[in-house]
Number of protein chains: 2
Amino acid sequence: MKSKAIFYHAGCPVCLSAEENVARSLDPNRYELEIIHLGNSRDKIAEAKAKGVLSVPALILDGQPFHINFGAAIADLE
Amino acid sequence: MKSKAIFYHAGCPVCLSAEENVARSLDPNRYELEIIHLGNSRDKIAEAKAKGVLSVPALILDGQPFHINFGAAIADLE
């Protein structure tokens, strides 16, 4: 069974670079990738925070948050 | 032809988590992964800096540096 990977972003250039290069480079045989734009889906911000996301872009793998470079603080999206 | 992915770390817990979850989750059909421990291979620190690495753990994909969470500043390894 595939694990779920969630990529949270906010459409910023740093986010798009991380999406293109890191999130989309995950092994598709092992991960099912969901991409969430927190600027457009503001109702998901609380969910992201609950998973430990402090800034975007961030990738959740096996429940752990990995912040990739720095685009924006989650507090600035609220 | 596979692209080269380089994962720079310094053996810290944050580094090991990023290695296990992010670096080793890359699509093996697309990336050939090289893992470099900058604490043990101090001669590679200049190379990492030249690639834009500011802190570890960091992953180089297609020549671009992606800093994953924060373990240690590269300056603290020199």
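Note that the structure is predicted; figures quoted are calculated from it, not measured. Numbers restart at 1 for each chain; the letters A, B, ... are given by sequence-line order, proteins then strands.
- Counting non-hydrogen atoms of other residues, nucleotides and ligands closer than 6.0 Å to NZ of A:K2 gives a total above 12.
- Both the backbone and the side chain of B:F66 come within contact range of chain A, each with at least one heavy atom under 4.5 Å from a heavy atom of that chain.
- Taken together through direct or relayed side-chain contacts under 4.5 Å among Ile, Leu, Val, Met, Phe, Trp and Tyr, B:I6 and B:V56 form part of one hydrophobic cluster.
- One distance of note links CG of A:L26 with CG of B:L26; it measures 6.5 Å at 0.5 Å rounding.
- For A:N21, the parts lying near chain B are the backbone and the side chain together; criterion is any non-hydrogen pair under 4.5 Å.
- Cluster membership check: A:F70 does not share its hydrophobic cluster with A:V14, using side-chain heavy-atom separations under 4.5 Å among Ile, Leu, Val, Met, Phe, Trp and Tyr.
- Atom CG of residue A:D27 and atom CG of residue B:D27 lie 5.0 Å apart, to the nearest 0.5 angstrom.
- The choice from A:P28, A:S55, A:S17, A:A18 that makes the most heavy-atom pairs within less than 4.5 Å of chain B is A:S17.
- Using a 4.5 Å cut-off between heavy atoms, B:P65 touches chain A through its backbone atoms (N, CA, C, O) alone.
- Criterion: ILVMFWY side-chain heavy atoms under 4.5 Å apart, direct or through other members. Under it, B:L38 and B:I60 are part of a common hydrophobic cluster.
- Residues B:I36 and B:I74 fall within the same hydrophobic cluster, defined by Ile, Leu, Val, Met, Phe, Trp and Tyr side chains chained together at heavy-atom separations under 4.5 Å.
- When all heavy atoms of B:R24 and A:R30 are compared, the pair lying nearest together is O-NH1, 2.7 Å.
- Hydrophobic clustering (side-chain heavy atoms under 4.5 Å, transitive across Ile, Leu, Val, Met, Phe, Trp, Tyr) groups B:L33 together with B:V22.
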